[in-house]
Each structure stands twice: as structure tokens, then as C-alpha cells.
*Asks:* 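Take this structure first; my questions come after.
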Amino acid sequence: MKARCLCALLLALLLLAGCAQAGPWETELTAMDTFMKLTVYGSGGEQAGKQAAARIRELESLLSTTDAGSEIYAANHTGSADLSEDTAALLGRALSLCADTGGLLDVTIYPVVRTWGFTTGDYQVPDRETLDKLLERVDYRTVSLAGGRLTLPDGVEVDLGAVAKGYAGDQLMALFRDEGVTSAIVELGGNVQTLGVKPDGSPWRVAVQSPDGDGYAGVLEIADKAVVTSGGYQRYFEQDGETYWHIIDPRTGCPARSGVLSVTVVADEGVVCDALSTALFVMGPEEAAAYWRMQGGFEYILIDEAGAVTITEGLEGCFSLYGSWEGRPLSVARR
């Protein structure tokens, strides 16, 4: 699976040998439809790590669109549900991010994504009439969330998959801090989130995959940050010589064709990185830069379809091109 390959690539640059602290304690699991790895350092690492794995399972049981026992499943199939604190908090944040991005992130896109087969593996290219009918139901503004009660109009379904792993990463960082952990890294599919620095005091090194799926395009050095990449190479299918990827433009109901191959977002919060990596991919290079200048609070690395790399000014000094990508065009977006 593409997500598993991405995790394997990221692992190669994440950890150093010879750490001064106890550990690491590590575990691997599959949850939220992706492969995950948790690495926690320190004497309390095992206890905190086990709590973190349980926390991921708890969130998955609440947020899944396919688990008949989840709150999201209940809302999608009955039109309403009383939400737990976690689900209500995440949905509220997601709706705010939908508004901030002008609907280019839209949590009601789920029926369209399902029709393309990206949630089931039954891939197909829907006809225009089908997509137009489905798009009539796509509008995050029709979602009502009041006092923990979620209400959906007939035919509208929500999916928090675009923000769930980012939220989970934020929750794990909070859990680790509460347990006294000062050094940890979690990989949740294409999401990487770090607590502090490595035990030896050096920054974490996170690889950004080449969008052609072969090796790395660059390396980030970070501390206390989340890093999330969205790329067309992560989940896709081919039909009649065309490649169709899972990142859908809510305006067309089709895979986004914005001139972008991948976007990596770096910020303090995983949920922000998760949401914006998708939205910026849909926006394209120029709109993404304008949005960054207007909103702030995050940095990004964008690789366009010509292979040119753009980073925002906050990543100067902590990002470098790697391997066969060294020497390629690299520009810096400034405010």
C-alpha cells in the first residue's frame, strides 16, 4: 500500500543510534486505515506509549466512517448523533478550517470520494451527471453542530479522515507531556509529529518523499512540530492511460489538477497540517502562496508538476534537497 511505503521511507531518516536516554520504546499498529509507528524515549516511555496506542484505537472507534459503532457512522446513516467531546471538538475545528480555506477542504466530500472508489478499492471514473448530482450534497455549511449534537441534511455525509490523524497526533503529544515524556516521534501514515528533540539534543530529521515514489526529495530538521504530506502518489488508480488520485477538488468532484505533485505542511498542530496539506494541494502554487501570506501560522514545501520546489521562508535553514533532487530549482516564498 502506498501509505505503508511512505512510512518506510520516512523511517530511514527519523532515528539516530546511541541515544543517551532510556529507550526507545516502540510499537507498530494499523489504525485509521494506515500503518502507524510510535517511538517514545525515557523511563516512562513504555507506559506512555501503551496509553497512546489505546488512545488511537479510542479515536478510531469514534471517527470511522465505516465502523457501525462510530459516532460519524451513526450521523451519516441516521442524519444526527450526539457526539463525544473528542468528535465534537474535531468536527468543530474541521468546519472552521473548511471556512478558512473557502471550502477547498470540505468534510462533506465523502460521497464523491466513495463513488470514485477511494474508500472501497472499487475504483471507477464516474460520469459527469453522477458527479453533478453528488456535488449538490457537498457543502460543509449545511452541517449543524450545536451543543454536541450533529445534524445533517438528507443525503449529506461527513468524513473527518482529512483531519483525524492530525488530531490524533496532537492528542498523543498532549498525553506524552502529561506523562512527563520529553522526546517522542509518531508516524501516522503520511503524518509525522514530534515532541521536543532527539534524546541527544539534535533535531529530528524527517524525509520528504519524492513525488515519483523513488527515494527522497528533501530533508527537514524540526523540533516540536508536525509534518504532513499530501501527494497524488499516495493513493491512486490508472484507467485508459490516465492517473486519478484521491485528493478531490470539491468544486469539480474530480481529482485536483492544480499543477501540484505534493504539498508538505509544517506547523505546531497536526490537525492544521493535515487539513492544509489537502487544501493547498487543491489550491495550486499561486493560491497556496497567497493563502500562506494571508493566514500565517504554518510553513510548507510544494513540489509542482515541473519538479520545481518552493518552500516558505520559515523553513530556510532547516530544509535541504536530497540525493537526486540536489541542484533542482528551489525557490523561497516570502511575505
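Positions are given from 1, in the same order as the sequence printed here.
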*Asks:* Determine whether I303 and W325 make a side-chain contact, defined as any pair of heavy atoms from C-beta on separated by less than 4.5 Å.
*Replies:* yes
*Asks:* Between T142 and P153, which heavy-atom pair has the shortest distance, and what is it?
*Replies:* O-CD, 3.3 Å
*Asks:* Determine whether a donor-acceptor pair (N or O, by modelled atom type, separation under 3.5 Å) exists between the side chain of E242 and the backbone of Q239.
*Replies:* no
*Asks:* Can you give me the closest heavy-atom contact between Y216 and A207, atom names plus distance?
*Replies:* CD2-CB, 3.4 Å
*Asks:* Let me confirm one number: the CG-CD distance from L83 to E71, rounded to the nearest 0.5 Å.
*Replies:* 5.5 Å
*Asks:* What heavy-atom pair brings G45 and V40 nearest, and what distance separates the two atoms?
*Replies:* CA-CG1, 3.6 Å
*Asks:* Starting from I56, can I reach L90 by hopping between I/L/V/M/F/W/Y residues whose side chains sit under 4.5 Å apart?
*Replies:* yes
*Asks:* Report yes or no: do Y244 and V138 belong to one cluster of Ile/Leu/Val/Met/Phe/Trp/Tyr joined by side chain heavy-atom distances under 4.5 Å?
*Replies:* yes
*Asks:* Between Q171 and L175, does the side-chain contact (heavy atoms from CB on, under 4.5 Å) criterion hold? Intermediate values first, please.
*Replies:* CA-CA 6 Å; Q171 292 296 300; L175 185 157; over 6 Å; no
*Asks:* Between P111 and L134, what is the shortest heavy-atom contact and its length?
*Replies:* O-CD1, 4.0 Å
*Asks:* I'd like to know if D200 pairs up with K198 as an ion pair, taking the criterion as any Lys NZ or Arg NE/NH1/NH2 lying under 4.0 Å from an Asp or Glu carboxylate oxygen.
*Replies:* no
*Asks:* Count I, L, V, M, F, W, Y as connected when their side-chain heavy atoms are under 4.5 Å apart, and connections chain through other members. Are L91 and Y73 then in the same cluster?
*Replies:* no
*Asks:* If you measure from CG on L97 to CG on L276, what distance do you get to the nearest 0.5 Å?
*Replies:* 6.0 Å
*Asks:* Are D86 and R55 ion-paired here, with the side-chain N under 4.0 Å from a carboxylate O?
*Replies:* yes
*Asks:* Using a 3.5 Å distance criterion without hydrogens, assess whether the side chain of S80 forms a donor-acceptor pair with backbone atoms of T151.
*Replies:* no
*Asks:* Evaluate the side-chain proximity of V219 to Y322: yes if any heavy-atom separation is below 4.5 Å, no if none is.
*Replies:* yes
*Asks:* Any luck finding a side-chain donor-acceptor pair between D274 and Y167 under 3.5 Å?
*Replies:* no
*Asks:* Quick test of your reading: applying side chain to side chain donor-acceptor pair (under 3.5 Å), list the pairs with at least one residue in residues 113-125, sequence neighbours left out, ordered by first then second residue.
*Replies:* R114-E157
*Asks:* State plainly whether one hydrophobic cluster holds both V271 and V186, where clusters connect Ile, Leu, Val, Met, Phe, Trp and Tyr through side-chain heavy atoms under 4.5 angstrom apart.
*Replies:* yes
*Asks:* Could you check whether any side-chain N or O of T130 sits under 3.5 Å from a backbone N or O of P126, counting only pairs where one atom can act as donor and the other as acceptor?
*Replies:* no
*Asks:* Which pair of non-hydrogen atoms, one from A94 and one from V163, has the smallest distance, and what is that distance?
*Replies:* CB-CG2, 4.0 Å
*Asks:* Looking at D304 and G259, would you say the former's side chain and the latter's main chain have a donor-acceptor pair under 3.5 Å?
*Replies:* no
*Asks:* If hydrophobic clusters are built from ILVMFWY residues whose side chains come within less than 4.5 Å, do V112 and L160 share one?
*Replies:* no
*Asks:* If you measure only the distance, is there a donor-acceptor pair under 3.5 Å linking the side chains of S230 and S277?
*Replies:* yes
*Asks:* Can you give the donor-acceptor pairs under 3.5 Å from side chains of residues 282-294 to other protein atoms, not counting sequence neighbours?
*Replies:*
from, atom 1, to, atom 2, distance (Å)
W292, NE1, F298, O, 3.0
R293, NE, R334, O, 2.7
R293, NH2, R334, O, 3.2

*Asks:* Begin from the C-alpha positions of I247 and T278 and carry the test side-chain contact (heavy atoms from CB on, under 4.5 Å) through to its verdict.
*Replies:* CA-CA 7 Å; I247 305 172; T278 299; 4.2 Å; yes
*Asks:* Would V332 and T312 count as a side-chain contact (heavy atoms from CB on, under 4.5 Å) if you check the C-alpha gap in whole Å, the side-chain angles of each, and the deciding distance to 0.1 Å?
*Replies:* CA-CA 5 Å; V332 180; T312 50; over 6 Å; no
*Asks:* Is a side-chain N or O of E60 found less than 3.5 angstrom from the main chain of M32, in a donor-acceptor match?
*Replies:* yes
*Asks:* Within the side chain of N191, is there an N or O that forms a donor-acceptor pair under 3.5 Å with the backbone of V228?
*Replies:* no
*Asks:* May I ask you to decide if V158's main-chain N or O and N76's side chain share a donor-acceptor pair within less than 3.5 Å?
*Replies:* yes
*Asks:* Any chance you could measure I248, atom CD1, to L135, atom CG, to the nearest 0.5 Å?
*Replies:* 10.0 Å
*Asks:* Any side chain to side chain donor-acceptor pair (under 3.5 Å) involving residues 260-272? Give me the pairs, sequence neighbours left out, ordered by first then second residue.
*Replies:* R93-E269, K225-D268, T229-T264
*Asks:* Measuring only between side-chain heavy atoms, which start at C-beta, is Y300 closer than 4.5 Å to L280?
*Replies:* yes
*Asks:* Strictly distance-based, threshold 3.5 Å: is any side-chain N or O of T101 a donor or acceptor partner for the main-chain N or O of C98?
*Replies:* yes
*Asks:* L188 versus L38: any side-chain heavy-atom pair under 4.5 Å?
*Replies:* yes
*Asks:* Check V143, L152, D159 against T108 for a side-chain contact (heavy atoms from CB on, under 4.5 Å) and give me the one that passes.
*Replies:* V143
*Asks:* Are E221 and R205 ion-paired here, with the side-chain N under 4.0 Å from a carboxylate O?
*Replies:* yes
*Asks:* Do T252 and L131 have side chains that approach each other closer than 4.5 Å (heavy atoms only, starting at C-beta)?
*Replies:* no
*Asks:* Got Q47 and W25 here, is their nearest side-chain heavy-atom distance under 4.5 Å?
*Replies:* no
*Asks:* Before you tell me yes or no, could you show the steps for F176 and Y41 under side-chain contact (heavy atoms from CB on, under 4.5 Å), namely the whole-Å CA-CA distance, both residues' side-chain angles and the distance that decides it to 0.1 Å?
*Replies:* CA-CA 10 Å; F176 292 153; Y41 291 88; over 6 Å; no
*Asks:* Could you give the distance from CD (E299) to CG (L315), rounded to the nearest 0.5 Å?
*Replies:* 5.0 Å
*Asks:* Please check if atom CD in E316 has more than 12 non-hydrogen atoms from other residues, nucleotides or ligands closer than 6.0 Å.
*Replies:* yes
*Asks:* Between D33 and R235, is there a side-chain heavy-atom distance shorter than 4.5 Å?
*Replies:* yes
*Asks:* Please check if any side-chain donor atom of D170 sits under 3.5 Å from a side-chain acceptor atom of Q193, or the reverse.
*Replies:* yes
*Asks:* Examine F118 together with F237 and report whether their ring centres are nearer than 6.0 Å.
*Replies:* yes
*Asks:* Between L220 and V266, is any pair of side-chain heavy atoms under 4.5 Å apart?
*Replies:* yes
*Asks:* If I compare all heavy atoms of E238 with all of Y236, which pair ends up nearest, and what's the gap?
*Replies:* OE2-CE1, 4.1 Å
*Asks:* CD of E85 to CG of L62: how many Å apart, nearest 0.5 Å?
*Replies:* 11.0 Å
*Asks:* Surrounding CZ of R141 (heavy atoms of other residues, nucleotides or ligands, distance under 6.0 Å), is the total greater than 12?
*Replies:* no
*Asks:* What's the separation between atom CG in L150 and atom CG in D82, rounded to the nearest 0.5 Å?
*Replies:* 9.5 Å
*Asks:* Judged by atom type as modelled, is there a donor-acceptor pair below 3.5 Å linking the side chain of S183 to the main-chain atoms of V197?
*Replies:* yes
